[in-house]
Amino acid sequence: MIYCILLNPSIDKIIEIQNFKLGGTYQLPNPQVFPVGKAISVALTLKELHISTHIVALIGQHDIKLYKNFLESKEINHTLIAVEGKTRTNMTLIDSINDASTHLRFSGFDVTAKNLSEINSFLRIMIQKNDIVVFSGSLPPGTPSEYFLEPSEIIRNKNAKLIIDSSGERLKLMKMYNPYIIKANLQEMAIIVNEKLCTKEDFDHQPTEEELYTLLDLCSELNEYKSKFNVLTLGKYGALIFNRKEAYYGKITLEKSAYTVGCGDAFLGGLISGLINKYEMKAILRIATICGAANTLRIGPGCINQTDITNLESKCLIQKLR
């Protein structure tokens, strides 16, 4: 079983505004509403790839019914834990004319030690050998800096596999979590390896082969970890997958990609599907890259479509680096 753990959910509201400009006045339609969070977006991608998951999520007490109805409509198994306070809200304004999106983030609940212990209790009771446990998303206020140490120990003792896709200073302890795979963007990877990789501005262009090899060199310490492989994502400029023996770079060039919310989650869902299907590293990067790109074609985080996946296969370029 794949368990997708969500500690910091978000109710995503998405509005399309053509030719959006600050200071303007707009007559808006009702927003499209998605009660999600990164782990749910991963599960939605896996659902489209015909892989079952079980969501375990902390949810604001007044939003339990909203999430329950949504997950039941998607036929995704779930365990929802009520938390005192509101689930945070994210609003995205999409301007397809200018190929841009604007994101507004609002605060949500704080967690307590009791809330987090309920997650850990679930893991102790339910996790079995060879299960995959995915912690995906940021951590809510109130989460201790060392939080991942306890669930990672539980998962290790169960001989299950841990994947963490999160952010912040907690990533400095990644080696202690014994992850099955490591997936991070430039900012997150810089924390993990304690190196200044580059800024987003440095990658406002298609990376050269020399730049790709430089990134592999800066991330080389990950080859000393016990992870099966490591992934460095570069946004619309693709991703690197590597371990000690192999390294590949993958990308898909799209004419427009205004909607980007959930692309990293769809990418992670693709990675996990490749693992489940026992693909080689090159094929894992291919399906992950395709899923990340497919997410830009339809509104809704992780809401990919099999037709889009098929149509994108010929556009995915994979380059062997070693």
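Ion pairing between E221 and K175 fails under the 4.0 Å rule for side-chain N and carboxylate O.
Residue pairs satisfying the salt bridge (Lys or Arg N to Asp or Glu O under 4.0 Å) criterion with at least one member in residues 267-277, sequence neighbours excluded, are absent. For residues 312-322, no residue pair satisfies the salt bridge (Lys or Arg N to Asp or Glu O under 4.0 Å) rule, not counting sequence neighbours. Identified under the salt bridge (Lys or Arg N to Asp or Glu O under 4.0 Å) test for residues 100-126, with sequence neighbours left out: K114-E118, R124-E150. The side-chain hydrogen bond (donor to acceptor under 3.5 Å, both in side chains) analysis of residues 152-164, with sequence neighbours excluded, yields the pairs N130-K161. Each side-chain hydrogen bond (donor to acceptor under 3.5 Å, both in side chains) pair with one or both residues in residues 60-72, not counting sequence neighbours, appears once here: D63-T87, K68-E72. For the salt bridge (Lys or Arg N to Asp or Glu O under 4.0 Å) condition, the pairs that include at least one residue of residues 26-40, sequence neighbours left out, are K38-D265.
Contact between S138 and S167 at its shortest, heavy atoms only, is CB-OG, 4.1 Å. For the residue pair P207 and Y237, the shortest heavy atom distance occurs at CD-CB, 3.8 Å. When every heavy atom of P31 is checked against every heavy atom of K13, the shortest pair comes out as CB-CB, 4.0 Å. For the residue pair I40 and P35, the shortest heavy atom distance occurs at CD1-O, 4.0 Å. Taking all atoms of both residues into account, the shortest heavy-atom contact from F34 to C303 is CE2-SG, 4.2 Å. The two residues P301 and S41 have their closest heavy-atom pair at CB-OG, 3.4 Å.
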Which is it for H103 and N90 under the side-chain contact (heavy atoms from CB on, under 4.5 Å) test, yes or no, and what are the steps along the way?
CA-CA 7 Å; H103 308 290; N90 293 335; over 6 Å; no
Assess whether side-chain contact (heavy atoms from CB on, under 4.5 Å) is satisfied between L44 and V36, documenting all intermediate values.
CA-CA 9 Å; L44 288 169; V36 287; 4.2 Å; yes
With side-chain contact (heavy atoms from CB on, under 4.5 Å) as the test, would you mind laying out the steps for I14 and I94 before giving the verdict?
CA-CA 7 Å; I14 301 169; I94 300 175; 3.4 Å; yes
Pair V83-I59, side-chain contact (heavy atoms from CB on, under 4.5 Å): steps then yes or no:
CA-CA 6 Å; V83 176; I59 304 294; over 6 Å; no
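Here SG of C4 is found 11.0 Å from CG of N77. Values are rounded to the nearest 0.5 Å. With values rounded to the nearest 0.5 angstrom, I192 atom CD1 is found 7.0 Å from Y225 atom OH. Taken to the nearest 0.5 Å, the CG atom of N178 stands 10.0 Å off from the CD1 atom of I155. Once rounded to the nearest 0.5 Å, the distance linking CG of L321 with CD1 of I318 reads 10.5 Å. Interatomic distance, L268 CG to L46 CG, rounded to the nearest 0.5 Å: 8.0 Å. How far CG of L232 is from CD of E188: 9.5 Å, rounded to the nearest 0.5 Å.
A 4.5 Å side-chain heavy-atom check between L66 and I11 finds at least one atom pair inside the cut-off. At a threshold of 4.5 Å between non-hydrogen side-chain atoms, the residues F267 and I272 do not count as touching. Within the 4.5 Å cutoff, no side-chain heavy atoms of T289 are placed close to those of R286. Residues T143 and R170 form a side-chain contact, since some pair of their non-hydrogen atoms from C-beta on lies under 4.5 Å apart. Contact annotation: the side chain of F229 approaches that of M281 to within less than 4.5 Å [non-hydrogen atoms, C-beta and beyond]. A 4.5 Å side-chain heavy-atom check between T45 and L49 finds at least one atom pair inside the cut-off. V134 is not listed as a side-chain neighbour of D165, based on a closest heavy-atom distance of 4.5 Å or more. In this structure, Y147 and N120 have side chains that are in contact, with non-hydrogen atoms separated by less than 4.5 Å.
In terms of the salt bridge (Lys or Arg N to Asp or Glu O under 4.0 Å) criterion, E146 has no residue partners (sequence neighbours excluded). For F242, there are no ring pair (Phe, Tyr, Trp, His ring centres under 6.0 Å) partners two or more places apart in sequence or in a different chain. Residues satisfying the ring pair (Phe, Tyr, Trp, His ring centres under 6.0 Å) test with Y3, not counting sequence neighbours, are H54, F122. For E16, the salt bridge (Lys or Arg N to Asp or Glu O under 4.0 Å) criterion is met by no residue, not counting sequence neighbours. Listed by chain and number, the residues in a salt bridge (Lys or Arg N to Asp or Glu O under 4.0 Å) with K282 amount to none (sequence neighbours excluded). For K47, the salt bridge (Lys or Arg N to Asp or Glu O under 4.0 Å) criterion is met by E75, not counting sequence neighbours.
Follow the hydrophobic side-chain contacts under 4.5 Å out from L317 and you never reach I252; the two are in separate clusters.
Side-chain contact check for Y213 and E211: no donor-acceptor pair (N or O, by modelled atom type) lies under 3.5 Å. Looking only at atom types and distance, the side chain of T214 has no donor-acceptor partner in the side chain of D217 under 3.5 Å away. Side-chain atoms of T112 and N115 include a donor-acceptor pair closer than 3.5 Å. Of the N and O atoms on the side chains of T233 and N185, not one donor lies less than 3.5 Å from an acceptor on the other residue.
The main-chain N or O of M1 is found under 3.5 Å from a side-chain atom of D131 such that the two form a donor-acceptor pair. Remark: side-chain polar atoms of N295 are paired, donor with acceptor, to backbone N or O of G302 under 3.5 angstrom. Of the possible donor and acceptor atoms, one in the side chain of N243 sits under 3.5 Å from a partner among the backbone N and O of K245. For E48 (side chain) and Q306 (main-chain N/O), a donor-acceptor pair under 3.5 Å exists by modelled atom type. A donor-acceptor contact shorter than 3.5 Å links the side chain of R244 to the backbone of N223.
Within 6.0 Å of atom CD in E84, 12 or fewer heavy atoms from other residues, nucleotides or ligands are found, so the atom counts as exposed in its surroundings. Applying the 6.0 Å contact sphere to CG of N19 captures more than 12 heavy atoms from other residues, nucleotides or ligands.
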